[in-house]
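Accompanying notes for the structure given below.
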There are 2 protein chains.
Amino acid sequence: MATIEDVARAAGVSSSTVSYVLSQKRSISAPTRRRVEQAIADLGYRPHMGARALASRRTHVIGLMAPLRSGVDVSVIMQFVTGVVTRARDFEHDVLLLTQDDVTGVERVAAGSMVDAIVVMDVEADDERIPLLGTVKQPAVLIGLPRDAGGLSCVDLDFEATGRLAARHLAQTGHRDVVLIGSPPEVMARHTSYADRVFRGFTAECAQSSLTGVVQACGSTPDAARSAVDAVLDQAPDTTGFVVHNERALPHVLAHLRERGRDVGRDTAVVAVCPHDIALSQHVPMTSIDIPGEVIGAVAVEMAMARLENARPSETRLLAPVLTERGSSAQGPGTPG
Amino acid sequence: MATIEDVARAAGVSSSTVSYVLSQKRSISAPTRRRVEQAIADLGYRPHMGARALASRRTHVIGLMAPLRSGVDVSVIMQFVTGVVTRARDFEHDVLLLTQDDVTGVERVAAGSMVDAIVVMDVEADDERIPLLGTVKQPAVLIGLPRDAGGLSCVDLDFEATGRLAARHLAQTGHRDVVLIGSPPEVMARHTSYADRVFRGFTAECAQSSLTGVVQACGSTPDAARSAVDAVLDQAPDTTGFVVHNERALPHVLAHLRERGRDVGRDTAVVAVCPHDIALSQHVPMTSIDIPGEVIGAVAVEMAMARLENARPSETRLLAPVLTERGSSAQGPGTPG
DNA sequence: TTGAAAGCGCTAACAC
DNA sequence: GTGTTAGCGCTTTCAA
């Protein structure tokens, strides 16, 4: 492997000149730049990132803590990860992957100066990692909205507005008895931030729009979905509007609604809160509020970079939900036609 | 951040002694060791990984190239990734995530000495990355089985044996007309290695066991699954044995078989080739051949580490498939009962 | 059993 | 506009 000294020698300049050609941190005459670039090309030179990190205190790597096995839907996770990795590359950074259950991971990579910043996915309302993240020297960005961010930056879909928007859509299309089919009971119990927030927005809007709204936790298996739908329909048979915020249960909920004689898109409306592709790959294309995983991941990286470069204060960004009407929502009993 | 010098000073020893306490590369007297360890604890010392990498030429990071958006099923990908990350931690390594479509990624992290080894997922029969991987100084392990590994190590489920095992199971349970519902047409066309190999094993076993076997590509959407099932049933209505090697299509295939009047587990047998959890989360628990993603990922790391430590030659490891009988396979028409 | 010191390859003052 | 040089924090000979 050629070193910066090799390049300098080949170009007949000093190594600092090569360094400055690379970093653009001072002006270089055109001819010198040419010769250096030629030498770099000739030798196939690549800076040694460890040496660079040591000297510059910048690793050009960001840490990403992802929930690799949790009950959270995998395709959503992948979208976040994709967004983070892609945007990181735009900033000439690579991504070091940490798993949620590697508790010492944050400490290790931060104290070991392996990363310039840390992005944390799947943050819960009272996430135990927040105090720790506050102590490390690298800026951290949380994907999610904890009760107390402890001075860290946060980014997420505005799930409360999402819950409200979904309920309002059902209200506006004439439904009066509605339900929110939510996350698995264990996720609900864990007070995962997004589940709580959808819940809050949904119930608030129900109150405001005089809807009869109930909330039903729901596991991800076919049986769990069946039970959830049964529970709702048995206790509130007049329910015509459904909000489903559970990607994995969604197909089973739809299937069981059909089994129970409901015609989704005609006598029953279903609004899904899930990624685009999932909304589109159901039997009936779903009216849905997108969870824009890639965008959120990308924004997280942008926020981390901004903090690195400008030493800007931390901030919280909540992305406004967008509802896209497709086949699955229908006029409810409350309106003509 | 405390440095090794700080620790040395606090312990009243030289920095090399601290280094050796950490690396265990030479014997240290008990009292010295104590004092050093105490100082490390007191100062909360963590070695700077960049400095360590520069001096030792070991980054303690392995690169993982994963297909973040391809048609390959996400949950399978996650399992591989989980296996890699988990096992890497056992070897005190972290994982740098590269995406498939970041073509220059391998070159960048290898030439920049950012990683000690590289694991590549989703390797195709004639993968263009193989020549490149051959030129870098870090050992590479391919997850998959290319036509020509070019001297690189490979690990994968033995998909050919998997195809054979699935067909044999159907043969042994009395089915004579069988079908392999495979990957999406574009995956088939791309000659993704595993798709080809299942195909080969399946057809070979059909020939050997005198089964009438057909192969049907199948997209991942409900409609695609429906069409695939229709195509099979219309052309070969006597088909009673199905092998489904397509996680995303699986639920839709099952649903449509039911719609077409088939009773899976009674008059029709379905053997799935998919991860455990997917086999279990269908309406009918599936007889399946597991794709042991975590294990394969873990083995890939082990192979990479072995090559790093022993400079061992490259090798190929194919994991034997295991078929687990559950509810979805039934006695076929060819046997009594 | 321990220490001194020469790098590892780069960056960023500081000098000209 | 360019060169010199002192580190960055560690590992690993070489010497004792």
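Source: prediction; values computed, not measured. Letters A, B, ... are given to chains in the order of the sequence lines, protein chains preceding strands, and every chain is numbered from 1.
Residue-to-nucleotide contacts include a donor-acceptor pair under 3.5 Å from the side chain of A:Arg26 to the base of D:dT2. At a cut-off of 3.5 angstrom, the base of C:dA4 holds at least one donor-acceptor pair with the side chain of B:Ser16.
When heavy atoms are screened at a 4.0 angstrom cut-off, A:Thr3 is found touching the sugar-phosphate backbone but no base atom. Among the protein residues, B:Arg57 comes within range of the sugar-phosphate backbone only, with heavy atoms under 4.0 Å from sugar or phosphate atoms but none that close to a base. Residue contacts shown for B:Ser56 are limited to sugar-phosphate atoms, with no base heavy atom under 4.0 Å away. Residue contacts for B:Ser19: at a heavy-atom cut-off of 4.0 Å it reaches a base atom on one of the strands shown. B:Arg46 comes within 4.0 angstrom of the backbone, heavy atoms only, and of no base. If you check every strand for non-hydrogen atoms under 4.0 Å, A:Thr32 touches sugar and phosphate atoms only.
Counting only N and O atoms by type, the side chains of A:Lys25 and A:Ser19 include no donor and acceptor under 3.5 Å apart.
Here C:dT11 presents its C1' atom at 11 Å from OH of A:Tyr45, a figure rounded to the nearest Å. Rounded to whole Å, atom C1' of C:dG9 lies 14 Å from atom CD1 of A:Ile40.
Using a 4.0 Å cut-off, some side-chain N or O of A:Lys25 falls inside it from OP1 or OP2 of C:dA12. Regarding contacts with the backbone of C:dA13, every side-chain N or O of A:Tyr20 stays at 4.0 angstrom or more from both OP1 and OP2. At the phosphate of C:dG3, OP1 or OP2 sits under 4.0 Å from a side-chain N or O atom of B:Thr17. Between B:Ser29 and C:dT2 there is a side-chain polar atom (N or O) within less than 4.0 angstrom of OP1 or OP2.
A:His60 places a side-chain N or O within 3.5 Å of a backbone atom of A:Glu92 that can act as its donor or acceptor partner. For B:Asp148 (side chain) and B:Gly150 (main-chain N/O), a donor-acceptor pair under 3.5 Å exists by modelled atom type. Under a 3.5 Å cut-off, the side chain of B:Asp102 and the backbone N or O of B:Thr99 do not form any donor-acceptor pair.
For the pair B:His48 and A:Ile28, nearest-nucleotide mapping onto DNA chain D gives the more 5' position to A:Ile28. Between B:Leu54 and B:Ser23, it is B:Leu54 whose nearest contact on DNA chain D lies nearer the 5' terminus. Nearer to the 5' terminus of DNA chain C, by closest-nucleotide assignment, is the contact made by B:Pro31 (compared with the other of B:Pro31 and B:Ala51).
From B:Leu142, atom CG reaches atom OG1 of B:Thr316 across 8.5 Å, with rounding to the nearest 0.5 Å.
For B:Val13, taking side-chain heavy atoms from C-beta onward, the closest of the listed nucleotides C:dT11, D:dC10, C:dG3 is C:dG3.
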